[in-house]
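Heads up, the thing below is written out as structure tokens.
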Amino acid sequence: MDKIRTRFAPSPTGFMHIGNLRTALYSYLFAKKNGGSFILRIEDTDKERYVEGAEDVIYRTLKTSGIKTDEGPREGGAFAPYVQSERQSIGIYKKYAEELIRRGGAYYCFCTKERLEGLTDKNGVRTYDKHCLKLTKEEVEANLKKGMPYVIRQNIPKDTATVYNDLVFGEISVDSNDLEDNILIKSDGMPTYNFANVVDDRLMGITHVLRGVEYLSSTPKYNLMYDAFGWERPTYIHLQLIMKDAARKLSKRYGDANFEDFIKKGYLPHAIINYIALLGWSPKDNVEKMTMEELISNFSVEGLSRSCSIFDENKMRWLNSLYIKEMPPEEFAAAAESFIKESKANGFCHKKIAKLLHTRTEILSDIPGLIDFIAEFYDAGFDTSLFVNQKWKTDGALAKRILESYLDEIAPAEFTEEGLNGFFAALAEKNGLKKGQVLWCVRIAVTGRAATPGGATEMLDLLGFAESGKRIRYAIEKLGAS
RNA sequence: GGCCCUAUGGUCAAGUGGUCAAGACAUCGCCCUUUCACGGCGGUAACGGGAGUUCGAACCUCCCUAGGGUCACCA
């Protein structure tokens, strides 16, 4: 069997959608699993949609994702060029279009826009009526000589059942009468996706085509083209859609599907890759956290799902937290730094903050919210009802007593963990309380928050002796006022 | 509307004729923790509906319903 070759063929829209990324991922995994090659081809045949710098986005995304292309515009390869506009300019598509015409698989069409519009039926659906197929060779020659604008259309045979076997969906059968004679070469001379795709896949030796389900029902058209050329068809692997919710697919329109946006939100690239790998595919042994190498070795087409899946950011957060926890402390501190700065917690030890945050951070952008009490304590408005805790049987009155006692007893000593522990034990004993009651109240007093990235001793240590005392006094004041 | 595809808990999903229908996220509870988390343990929760085939159906067939895709000089 020939070496397996897959490709990822995005159009340069300047935007790398999560769904597209997953298609690239699966194509990559499939190729690597089978010892094959993964090729990148840029499909820029639509001049109107072209976006400057879009190729950079594609390369950047693939690179940070850990997906390595074996051949492509920048890597080069035996089948260069890998950009369709460049291939067009050296006449590849025209040559093959003409060959297809000779073989009866395509024909020139000179129909005007007006005539085409007249073909629209009551449902607003327009189907071309093969009008120009009736033109004689002489008529075509004459029209061409006159310089009449033309397109080249695929000639779909009538009354043929086209059948193919998709590796995910199984046998797909479509009546050729339901297929239209689509345009292969546009009037500007550029090939359409339909045509360029087939020609390039063939020329680049692509053996397995992985693409979205939106092509499932039009694949017979591609197959008919392969047949007309006398080429062997590739194997198809169609991938189900990723949805935002039950009714809407994930899309650029909702601004919720961009890989780079997730990176900005503080997701680790591999956490995203790991998560989307699991969306629509499940490994046999049910493992969820996998390195790229493990994804490759575990990947199998049988695990691909036929039904669409809803993107669940919650689960991606969970995976991300797993990857964050296994980062070395220094690495986490470095990654967290800009988010800590954002919280305006300047003047406090960032290293200490990072240490506290490490096991409590799911995504990096949670960080400012987790530690906003450091900088915004006095502006946040102190909620004294937080002192009321059923488990610890504490309330405002008790809190006030504890805090006043804290101020009486606290020695201007070093804030060491040991020292603080001893101090709190003594404080609890003196007041006839449980240590937990004291700690709960003190922690609330210095942070104003029910949930904090650390316990009372850690918060005191972080804020320091002077600031802690100031906050305790502030809390007492608030309690007195209430 | 025509054609194509899909249907297991809130979500991702195992499952391919005999299971008390896995597992994960989320959620809830308990434990650990002197306090917040992390972590550990456990609970709640599903085969869209109806016929049929079969001794037996989440798995096979048909119909219905629901959802999605597609019908461009866009990819």
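We name chains A, B, ... by the order of the sequence lines, and we start the count at 1 in each one. Values reported hereafter were calculated over all heavy atoms of this structure, with side chains retained and with hydrogens, waters and symmetry mates removed. A quick note: this is a predicted structure, and the numbers were derived from the prediction, not measured.
Residue R211(A) contributes atom CZ, which lies 16 Å from atom P of C5(B) at whole-angstrom precision. Atom CG in D285(A) sits about 19 Å away from atom P in A22(B), given to the nearest Å. Distance, K289(A) NZ to A13(B) C1': 20 Å, rounded to whole Å. With rounding to whole Å, Y275(A) atom OH is found 11 Å from A13(B) atom C1'. Y236(A) has its OH atom 18 Å from the P atom of C4(B), to the nearest Å. Spacing between atom CZ of R317(A) and atom P of C12(B) amounts to 19 Å, rounded to whole angstrom units. Between the CD1 atom of I156(A) and the C1' atom of C3(B) there is a distance of 14 Å, rounded to whole Å. Computed from coordinates, the M243(A) CE to G68(B) P distance equals 6 Å when rounded to whole Å.
When ring centroids are compared, H238(A) and F169(A) stay outside the 6.0 Å threshold. A ring-centre distance under 6.0 Å is found for F311(A) and F262(A).
The partner of A7(B) is U65(B), by the rule that a Watson-Crick or G-U pair needs both atom distances under 3.5 Å. Summarising the base pairing, C60(B) is matched to G52(B) through a Watson-Crick or G-U wobble pair whose two defining distances lie under 3.5 Å. Pairing of A14(B), defined by two Watson-Crick or G-U wobble distances under 3.5 Å, is not identified with any nucleotide. In this structure C47(B) sits in no base pair that meets the Watson-Crick or G-U test at under 3.5 Å. When Watson-Crick and G-U wobble pairs are counted only if both distances are under 3.5 Å, U70(B) pairs with G2(B). Base pairing of G29(B): its partner is C41(B), meeting the Watson-Crick or G-U wobble criterion (both donor-acceptor distances under 3.5 Å).
Between U33(B) and G9(B), the distance separating the two P atoms is 40 Å to the nearest Å. For the C1' atoms, the distance from A58(B) to G43(B) is 24 Å, rounded to whole Å. Nucleotides C38(B) and U6(B) have their P atoms positioned 41 Å apart, rounded to a whole Å. The same atom, P, is picked in A14(B) and in A51(B); the two are 29 Å apart, to the nearest Å. Distance check on atom P: C3(B) versus A13(B) gives 29 Å, rounded to whole Å. C4(B) and G40(B) have their P atoms separated by 49 Å, given to the nearest Å. As rounded to the nearest Å, A24(B) and A66(B) have P atoms that lie 35 Å from one another. Rounded to the nearest Å, the gap between the P atom of C28(B) and that of C36(B) is 16 Å.
In the set C12(B), A7(B), C38(B), the nucleotide with an atom closest to the side chain of L279(A) is C12(B). The side chain of L439(A) lies closest to U35(B), out of C4(B), C36(B), U35(B). You'll find that the side chain of S309(A) is closest to A13(B), out of C5(B), A13(B), U35(B).
Scanning for side-chain contact (heavy atoms from CB on, under 4.5 Å) contacts around E114(A) gives T112(A), with sequence neighbours left out. By the ring-ring contact (aromatic ring centres under 6.0 Å, His included) test, F299(A) is found to be paired with Y26(A), W281(A), residues two or more places apart in sequence or in another chain being considered. The ring-ring contact (aromatic ring centres under 6.0 Å, His included) check on F195(A) picks up nothing, with sequence neighbours excluded. Scored by the side-chain contact (heavy atoms from CB on, under 4.5 Å) test, V163(A) finds E171(A), S173(A) as partners (sequence neighbours excluded). For Y164(A), the ring-ring contact (aromatic ring centres under 6.0 Å, His included) test picks out Y236(A), with sequence neighbours left out. Scanning for salt bridge (charged side-chain N to carboxylate O under 4.0 Å, His left out) contacts around E43(A) gives R41(A), with sequence neighbours left out. The ring-ring contact (aromatic ring centres under 6.0 Å, His included) test applied to F382(A) returns F377(A), F387(A), not counting sequence neighbours. D383(A) meets the salt bridge (charged side-chain N to carboxylate O under 4.0 Å, His left out) test with no other residue; sequence neighbours excluded.
Summarising the local packing, CD of E294(A) is surrounded by more than 12 heavy atoms from other residues, nucleotides or ligands at distances under 6.0 Å. Crowding of K289(A) atom NZ: a count of heavy atoms from other residues, nucleotides or ligands under 6.0 Å exceeding 12. Around the NZ atom of K158(A), the shell of radius 6.0 Å holds more than 12 heavy atoms that belong to other residues, nucleotides or ligands.
Sorted by first and then second residue, the salt bridge (charged side-chain N to carboxylate O under 4.0 Å, His left out) pairs involving residues 350-360 of chain A (not counting sequence neighbours) are K352(A)-D461(A).
Of all the residues in residues 326-333 of chain A, not one reaches under 4.0 Å from RNA chain B with any non-hydrogen atom.
Tested against Y82(A) for a side chain to side chain contact (heavy atoms under 4.5 Å, CB included), the candidates R87(A), R7(A), M204(A) yield a single pass: M204(A).
At a threshold of 4.0 angstrom between heavy atoms, the contacts of K325(A) are confined to the sugar-phosphate backbone, with no base atom among them. Among the atoms of the strands shown, base atoms are found under 4.0 Å from some heavy atom of G454(A). Residue G280(A) is in sugar-phosphate contact alone, with no base atom involved, counting any heavy-atom pair closer than 4.0 Å across all strands shown.
Sequence order on RNA chain B of the closest nucleotides to W392(A) and V168(A) puts V168(A) first from the 5' end. Toward the 5′ end of RNA chain B lies the nearest nucleotide of C308(A), the other residue of the pair Q437(A) and C308(A) mapping further downstream.
The base of C36(B) sits within donor-acceptor range of the side chain of R360(A), with an N or O pair under 3.5 Å.
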If a protein heavy atom is under 4.0 Å from the base, mark B; if only from the sugar-phosphate, S; if neither, -; do that for nucleotides 23-29 of chain B going 5' to 3'.
-> SBSS---
Annotated protein contacts, base or backbone, on nucleotides 69-75 of chain B with a non-hydrogen cut-off under 4.0 Å, one of B, S, - each = BSSSBBB
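Applying the 4.0 Å criterion to OP1 and OP2 of G39(B), one finds that T359(A) has every side-chain N and O outside that range. In this structure, S282(A) reaches the A14(B) phosphate: one of its side-chain N or O atoms is under 4.0 Å from OP1 or OP2.
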